[in-house]
Amino acid sequence: MSSRNVTARGGACAAGQVEQSLADRFGDQSSRNAAAEHEARSEEVSVGVILGFPAEIAGELQRWRASFGDPMADVVPAHITLVTTTPTRDWEATRRHVREVARRQSPFKVTIAGTGTFRPVSPVVFINVEDGFDDCVDLHRKLQQGPLHRELPFAYHPHVTIAHDVAPESLDEAETVLKNYRATFPVVSMGLYEHDADGIWQLREELDFGTETDNHGSTGLPDAAADAPTEAE
């Protein structure tokens, strides 16, 4: 999953007094906009950080998830959650923190294989993370500090949800059918998401590992509360 900046640039103003007048008004408006954005960002927001998958693998897992009757299959792409729904009151500090973790992280390989479940604690069947498990745990530990620090009721366990909150027989089927599933792919970035007022997970930045990045996204995902944010996942 990735995105790049798209910046709208206005044309140049005429020279002289008219240019200065427009510049003054633009500056005043920019200040007001910045103040409004700062005020909005000072309110508590919920964020999440995930690892996305290559399109081919994500599509295959999406089809499997749909086959088990999971209603979130069409709206929640396959992913590994690094930080589940976490409140913060300082968006800028959070963004700097996540950027810094990404800058210090090297790309790594992930292999997902076999199935597991969080039953009876949570009605979830997932695909295990083999290669890359320790990398995910380490990233989670680093991310869940500073502005994203909080005590979690369950130990972090990287995984890929394949069925959630469906009939018990469908959970059984998912656990059995995909027990021999296996896929390997490189992970080179992570996505920083914000849970907006409309219940949509918005991709704010896709942060490349090991580089200075400032990539802003506009991808919106419907509320994934039925997927990653459950604490047992």
Enter the distance from [X]:[atom1] to [Y]:[atom2] here, rounded to the nearest 0.5 Å.
X    : Y    : atom1 : atom2 : value
H97  : L148 : NE2   : CG    : 5.0 Å
W64  : D70  : CH2   : CG    : 14.5 Å
T117 : I162 : OG1   : CD1   : 12.5 Å
W91  : E44  : CH2   : CD    : 13.5 Å
T176 : E169 : OG1   : CD    : 12.5 Å
I127 : T161 : CD1   : OG1   : 9.5 Å

Any residue meeting salt bridge (Lys or Arg N to Asp or Glu O under 4.0 Å) with K179, in chain and number order, not counting sequence neighbours =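 Testing K179 for salt bridge (Lys or Arg N to Asp or Glu O under 4.0 Å), a comparison that skips the adjacent residues, returns none.
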
Set of salt bridge (Lys or Arg N to Asp or Glu O under 4.0 Å) partners for D131, sequence neighbours left out =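 By the salt bridge (Lys or Arg N to Asp or Glu O under 4.0 Å) rule, D131 matches K109.
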
Any side-chain heavy-atom pair of [X] and [Y] under 4.5 Å:
X    : Y    : value
P123 : L171 : yes
H79  : V160 : no
R204 : Y193 : no
V188 : E206 : no
V45  : H195 : no

Could you tell me which residues satisfy ring pair (Phe, Tyr, Trp, His ring centres under 6.0 Å) with H140, sequence neighbours excluded, listed by chain and number?
->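 Ring pair (Phe, Tyr, Trp, His ring centres under 6.0 Å) check on H140 returns Y156.
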
List in chain and number order the residues that pass ring pair (Phe, Tyr, Trp, His ring centres under 6.0 Å) with F133, two or more places apart in sequence or in another chain; answer none if no residue qualifies.
-> H157

Would you check, one step at a time, whether the test side chain to side chain contact (heavy atoms under 4.5 Å, CB included) holds for R95 with E205?
-> CA-CA 9 Å; R95 183 164 62 177; E205 297 190 21; 2.5 Å; yes

Does the side chain to side chain contact (heavy atoms under 4.5 Å, CB included) test come out yes or no for Q144 and L152, once each step is laid out?
-> CA-CA 10 Å; Q144 206 84 67; L152 298 177; 4.0 Å; yes

Any salt bridge between R96 and E100, counting N to O under 4.0 Å?
-> no

Atom of [X], atom of [Y] and distance for their closest heavy-atom approach:
X    : Y    : result
V187 : V110 : CG2-CG2, 3.5 Å
S189 : D208 : CB-OD1, 3.7 Å
T94  : P147 : OG1-CB, 3.6 Å
A174 : T115 : O-CG2, 3.9 Å
W201 : V47  : CZ3-C, 3.8 Å
L82  : C136 : CD2-O, 3.9 Å

Under 3.5 Å, is there a donor-acceptor pair between the side chain of S170 and the main chain of P168?
->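 A pair under 3.5 Å: no.
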
Assess whether side chain to side chain contact (heavy atoms under 4.5 Å, CB included) is satisfied between V101 and R99, documenting all intermediate values.
-> CA-CA 5 Å; V101 172; R99 284 176 173 176; over 6 Å; no

What residue pairs, at least two apart or across chains, pass salt bridge (Lys or Arg N to Asp or Glu O under 4.0 Å) with a residue in residues 111-130?
-> R119-D172, R119-E175, E130-R182

Quick one: side chains of residues 52-63, donor-acceptor pairs under 3.5 Å with protein atoms, not counting sequence neighbours, listed by atom name and distance.
residue	atom	partner	partner atom	Å
E60	OE1	Y181	OH	3.2
Q62	NE2	A73	O	3.0
R63	NH1	G59	O	3.4

Do V137 and I80 share a hydrophobic cluster, counting only Ile, Leu, Val, Met, Phe, Trp and Tyr and linking them when any side-chain heavy atoms are less than 4.5 Å apart?
-> yes

Honestly curious: do V98 and F108 fall in one hydrophobic cluster under the side-chain, below-4.5 Å linking rule?
-> yes

Please walk me through it: do M72 and R65 pass side chain to side chain contact (heavy atoms under 4.5 Å, CB included)?
-> CA-CA 8 Å; M72 300 306 292; R65 188 165 181 172; 3.8 Å; yes

State, without any angle test, whether S46 and T85 hold a side-chain donor-acceptor pair at a distance under 3.5 Å.
->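 No, T85 and S46 have no side-chain donor paired with an acceptor closer than 3.5 Å.
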
